Novice: 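Structure provided below as structure tokens; questions to follow.
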2 protein chains.
Amino acid sequence: MLYAGSMSTVPPPSPPPQQPLEPLELPQVGVEIDEPCLRADAARNRARLLEAAALLVAERGADGLTMEAVAAAAQVGKGTVFRRFGDRTGLLTALLDHSEKKFQAAFLSGPPPLGPGAPAAERLRAFGVAMLRRTVDELELQLAAEPCADRRFTNPPRRVLHHHVTLLLREAVPEADCDLLAHTLMAPLDPALVHHLTRQSAMPLARLESAWSDLVDRVTGPAASAR
Amino acid sequence: MLYAGSMSTVPPPSPPPQQPLEPLELPQVGVEIDEPCLRADAARNRARLLEAAALLVAERGADGLTMEAVAAAAQVGKGTVFRRFGDRTGLLTALLDHSEKKFQAAFLSGPPPLGPGAPAAERLRAFGVAMLRRTVDELELQLAAEPCADRRFTNPPRRVLHHHVTLLLREAVPEADCDLLAHTLMAPLDPALVHHLTRQSAMPLARLESAWSDLVDRVTGPAASAR
DNA sequence: AAGAAAGTGGACCGCGGTCCGGTTTAAGTG
DNA sequence: CACTTAAACCGGACCGCGGTCCACTTTCTT
């Protein structure tokens, strides 16, 4: 439970409560969040849905994953799917949750150079490479799970990654605007871009990796005081 | 006519031809493309549609822009809207076309430092600032017009911008992988990010601008030969 | 046992996108 | 100019999907 992935239900389904301030807590590294602990039937249906979804994706591709289809395959009402996962993106995200947590564990507490122990710049290099590999592996799902426009920077997994990069940057280049720099740095790891480059432009993964490395060098290098 | 904006109909509407190779020519800077020159009624309807669309956006916001609504407002069939603009994104893009062309003209042939005549790094700085301003101005439309995932890097306007940045980078840092670097550099100008930062995080525009400037410095600076 | 909370499911809605029979336009042709 | 014809265009019925809603059922607690 590194960031309270989609193991949990979509926040408070709907009814009364809604903390007025800090509606979304910045996911602290390694924080534990009490899982809502679903009711028996709900948990059963959740499992069935995930299983059915994975099956559907496997045999028809991510585009073939229809909310209605997955509901039918799991012998469950359509409304149940939405109650559990919020929307289509939520379902896709849940499918990626496993790998997401593994990845988080790797860079939060795994062995160097990805995990703590190595110098920041080196960790950044390792981070990009690992991320690229993971993205390529799950390209189809990652692409399908990408939320549309206004939620692209608001979803928890993304915020965890961004937060991590920000911390590393603060260590490597304390004088920079690390928050913004982190956003920039993460751009070449974006699934949509990776897809465009590797699939539509047939660019070898190695080139992406070396470009990432160069980028880290440039960014963590001296802050050319030009201008 | 800088890149054959959406003044033209969606490519060849549908029927027979389809050049097997180079289905989308990289928009050369300043290239002219013969406009299909619509039939009289088609041109009239196109104008009406754009007018109606602009009106609808003005009074109900970009989210209120429905293909059916704009068709009705222009007293035209729904099919016509799709035939003319391909899809919703196409319509939104057409609405932005005017400003797009103006912007292109500014950095392709306008006065320095945005246009030719200034050193590359300086042009890059100007480019980012201008782009940020424009994006903030038309945030709502830009956001709504953003194509989903797999077409985000394939649309002509984006390619023109990317091409331009690539050229400037080649001038400023010939030893780098300028194609990829351009993608990275353009990330902080992405409408979705700008929206997230300025609207959802209340970050002042000035900070984005200065971060851009710093970024250009870092990127065009010495390629720290670490590693 | 009984009430409250949580969960369920399928009818329903709106919108983006497709399709195809009918209509209009524009370029020949006598 | 009148007429013909083929291509371009039009429009609205139609489809599928994502998402909502709410009356009903199941589970949990005491």
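Hydrogens, waters and symmetry mates are skipped; everything else that's a heavy atom, side chains included, is used. Labels below follow one simple rule: chain letters A, B, ... track the order of the sequence lines, proteins then strands, and each chain is numbered from 1. Values in this document were obtained by computation on a predicted structure and should not be read as measured data.
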Novice: Using atom CZ of F85(A) as one end and atom C1' of dG7(C) as the other, report the distance to the nearest whole Å.
Specialist: 14 Å
Novice: Go through the steps to decide whether D190(B) and R152(A) satisfy the test salt bridge (Lys or Arg N to Asp or Glu O under 4.0 Å), and finish with yes or no.
Specialist: CA-CA 11 Å; D190(B) 177 19; R152(A) 220 161 73 222; 2.3 Å; yes
Novice: Ignoring hydrogens, what is the shortest heavy-atom contact between F127(B) and L189(B)? Give both atom names and the distance.
Specialist: CE2-CD1, 4.0 Å
Novice: Run D179(B) and H162(B) through side-chain hydrogen bond (donor to acceptor under 3.5 Å, both in side chains) and show every step you take.
Specialist: CA-CA 8 Å; D179(B) 194 346; H162(B) 174 260; 3.0 Å; yes
Novice: Reading nucleotides 13-18 of chain C from the 5' end, what letters show protein touch, with B for base, S for backbone sugar-phosphate only, - for no heavy atom under 4.0 Å?
Specialist: --SBBB
Novice: CZ of R48(B) versus P of dC10(D): gap in Å, rounded?
Specialist: 11 Å
Novice: Which atoms form the tightest heavy-atom contact between V81(B) and A71(B), and what is the distance?
Specialist: CG2-CB, 3.6 Å
Novice: Closest-nucleotide mapping onto DNA chain C: is G77(A) or A40(B) further toward the 5' terminus? I mean the 5' end.
Specialist: G77(A)
Novice: Can you measure D41(B) atom CG to dA26(C) atom P for me and round it to whole angstrom units?
Specialist: 7 Å
Novice: How long is the line joining CG of L38(A) and P of dT8(C), in whole Å?
Specialist: 9 Å
Novice: Would you indicate, yes or no, if dC10(D) has its OP1 or OP2 atom less than 4.0 angstrom from a side-chain nitrogen or oxygen of N45(B)?
Specialist: yes
Novice: Here's a test of your reading of the structure: between Q75(B) and R39(B), which maps to the more 5' nucleotide of DNA chain D?
Specialist: R39(B)
Novice: Rounded to the nearest angstrom, tell me the gap between atom CZ in R84(A) and atom P in dG9(C).
Specialist: 11 Å
Novice: What pair of heavy atoms forms the shortest contact from A145(A) to L92(A), and how long is it?
Specialist: CB-CB, 3.5 Å
Novice: Please report the distance, rounded to the nearest Å, between CZ in R83(A) and P in dC22(D).
Specialist: 14 Å
Novice: Got a sec, which residues hit side-chain contact (heavy atoms from CB on, under 4.5 Å) with S210(A), two or more places apart in sequence or on another chain?
Specialist: none
Novice: With respect to the side chain of V76(B), which nucleotide from dG11(D), dC10(D), dG7(C) is positioned closest?
Specialist: dG11(D)
